[in-house]
Asker: 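Let me give you the structure first, and then I'll get to my questions.
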2 protein chains.
Amino acid sequence: MYTARMDTAERLITSTQELLWERGYVGTSPKAIQERAGAGQGSMYHHFRGKADLAVTAMDRSAAELRAQADAVLTEGATPVARIGAYLTREREPLRGCRVGRMAMDPDVIDSDELRRPVEETFVWLRERLAGIVADGVAAGELAPELDPSDTAAAIAAVVQGGYVLARAAGSREPFDRAVRGALALLTAARP
Amino acid sequence: MYTARMDTAERLITSTQELLWERGYVGTSPKAIQERAGAGQGSMYHHFRGKADLAVTAMDRSAAELRAQADAVLTEGATPVARIGAYLTREREPLRGCRVGRMAMDPDVIDSDELRRPVEETFVWLRERLAGIVADGVAAGELAPELDPSDTAAAIAAVVQGGYVLARAAGSREPFDRAVRGALALLTAARP
DNA sequence: GTCTATATCGTGATAGAC
DNA sequence: GTCTATCACGATATAGAC
């Protein structure tokens, strides 16, 4: 499953990233990680102090990847509203959920400052990034001046995260696409 | 912790409701349920076929309670937009998450049609209920006719579910309140 | 660095006494 | 109906050989 060029520590990290996305922190066992990575117990505990240590490493990695993807797409459009539209309609697999956002529902993640940190940082960054674009839209006269940038940014981020919930609940991506279209229509209707 | 008037089966169900809300399905063990309910192994397996059976019963109960609360609040306002506002700003504890929505991130719940059913039904109902109100708002000239009721409803439901994610990620209810305010501002700006 | 052995505890369930 | 005993297995980790 993995190329021979990837060393053991690296395979442990990517395997953990996958499993955290698929099953969350509570639902992911060291044994499952080792099996997917093709590594033994000894290797895992040689490279990492334990499950939590490995999970923090994997989550930092996933957070950085997500941020890079989001940043790329948020730079795409010609106007602020087009950039938000590019973020909302970016290619996704809604049934898989958000690899970072899903961690927020994990009790052990929320109870640990260390495990929660990458999740918190990701959404702080995303909301600030979106708020800046909304502010640009207001300044450019593309969005109504009554819109508070931080509030609007939170709503946009929430639509995506909540869209994942609706899609997984339905067993279909349809509600995700509806939520995104609905949010875009509201933004379009909110011109000055 | 529980009144003596509550019998064992009932205590098992309410304890499971609480634990599913706090820790999800994967994170909840039969032992934890029994301890909280003050019941032994034998009692649990006498009244229910196992963890999954008990969880379905508990989730059906939670879904019905949530629906009743949402329905009450969705009837409150004088106009369609006021009713949506009442739903969005309804008293909540964002850091606890949604007791039904959180189940959508649980791998074992999503993999089982039986366990997923109550979650799916809840959001189908909610989205249809919200869509009806949006349609009323459009018909009454309170909302722009370009708004598709089903899409708008999905966006509203997603803002709430995603707001929970943002709040738990931040360790603070603030982003939830921002998302809700942001959504309301967009709806207010989307008058015809 | 990786392996196997071992330890302790929890999970999810069954059996049968009371 | 409820209890305790028991079970097979997995979770999470340590120890020490190789």
Side-chain angles (χ1 to χ4, degrees), chain A residues 1-59 103 106-112 114-115, chain B residues 1-59 103 106-116:
Chain A
M1 187 158 189
Y2 289 99
T3 73
R5 302 193 324 279
M6 213 169 176
D7 70 15
T8 302
E10 204 57 30
R11 289 200 317 275
L12 284 164
I13 295 170
T14 55
S15 296
T16 304
Q17 286 184 272
E18 293 172 9
L19 282 163
L20 289 179
W21 195 350
E22 294 166 18
R23 303 197 42 84
Y25 182 80
V26 170
T28 295
S29 69
K31 189 182 186 187
I33 294 169
Q34 292 151 23
E35 278 169 0
R36 188 169 299 205
Q41 291 259 96
S43 292
M44 179 181 142
Y45 286 98
H46 171 75
H47 291 286
F48 300 94
R49 284 190 305 281
K51 175 181 169 179
D53 182 33
L54 178 45
V56 168
T57 304
M59 286 168 64
M103 297 296 124
D106 213 299
D108 291 4
V109 170
I110 291 310
D111 284 353
S112 154
E114 232 198 325
L115 288 169
Chain B
M1 187 156 191
Y2 288 97
T3 73
R5 302 195 322 280
M6 212 169 176
D7 70 15
T8 303
E10 203 58 28
R11 290 200 316 275
L12 284 164
I13 295 170
T14 56
S15 296
T16 304
Q17 285 184 272
E18 293 172 9
L19 282 163
L20 288 180
W21 195 351
E22 294 167 18
R23 303 197 40 85
Y25 182 80
V26 170
T28 295
S29 69
K31 189 183 186 186
I33 293 169
Q34 292 150 24
E35 277 169 1
R36 187 168 299 206
Q41 290 260 97
S43 293
M44 179 180 141
Y45 286 98
H46 170 75
H47 291 286
F48 300 95
R49 283 190 305 280
K51 176 181 168 178
D53 181 32
L54 179 46
V56 168
T57 304
M59 286 168 63
M103 296 298 124
D106 213 299
D108 291 5
V109 170
I110 291 311
D111 285 352
S112 153
D113 286 340
E114 232 199 325
L115 289 168
R116 185 169 58 81

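Proteins come first, then strands; the chains are lettered A, B, ... in the order of their sequence lines, and each starts at number 1.
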Asker: Check whether any side-chain N or O of A:Arg11 sits under 3.5 Å from a backbone N or O of A:Met6 as a donor-acceptor pair, and report yes or no.
Answerer: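 Pair found, side chain donor or acceptor close to backbone of A:Met6.
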Asker: Given B:Thr14 and B:Gln17, is the side chain to side chain contact (heavy atoms under 4.5 Å, CB included) satisfied, shown in steps?
Answerer: CA-CA 5 Å; B:Thr14 56; B:Gln17 285 184 272; 3.9 Å; yes
Asker: Rounded at 0.5 Å granularity, tell me how far OG in B:Ser43 sits from CD1 in B:Ile33.
Answerer: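 B:Ser43 atom OG to B:Ile33 atom CD1 measures 13.0 Å (nearest 0.5 Å).
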Asker: Check whether B:Thr28 reaches the backbone of B:Leu19 with its side chain - one donor and one acceptor, N or O, closer than 3.5 Å.
Answerer: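 Flag set: sc B:Thr28 to bb B:Leu19 pair under 3.5 Å.
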Asker: Rounding to a whole Å, what distance do you find between A:Asp7:CG and C:dT2:P?
Answerer: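 In whole Å, C:dT2 P and A:Asp7 CG are 8 Å from each other.
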Asker: Just to confirm, is there a sub-4.0 Å distance from OP1 or OP2 of D:dC3 to any side-chain nitrogen or oxygen of B:His46?
Answerer: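 For D:dC3, OP1/OP2 do not have a side-chain N/O of B:His46 under 4.0 Å.
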Asker: Using a 4.0 Å heavy-atom cut-off, write out nucleotides 4-18 of chain C from 5' to 3' as B (base contacted by protein), S (sugar-phosphate only) or - (no contact).
Answerer: B------SSBB----
Asker: Among the nucleotides C:dC3, C:dG1, D:dG1, which one has an atom lying closest to any side-chain atom of A:Ser43?
Answerer: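 Selected nucleotide: C:dC3.
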Asker: Taking 4.0 angstrom as the limit, do A:Glu22 and A:Arg36 come out as a salt bridge?
Answerer: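 Yes, this pair counts.
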Asker: Reckon A:Thr8 has a side-chain N or O less than 4.0 Å from the OP1 or OP2 of C:dT2?
Answerer: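 Yes, within the criterion.
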Asker: Within this structure, what is the CZ-to-P distance between A:Phe48 and C:dT2, rounded to whole angstrom?
Answerer: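 In whole Å, C:dT2 P lies 11 Å from A:Phe48 CZ.
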Asker: Could you tell me whether the side chain of B:Asp108 and the main chain of B:Tyr25 form a donor-acceptor pair under 3.5 Å?
Answerer: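 Here the side-chain-to-backbone pair does not exist.
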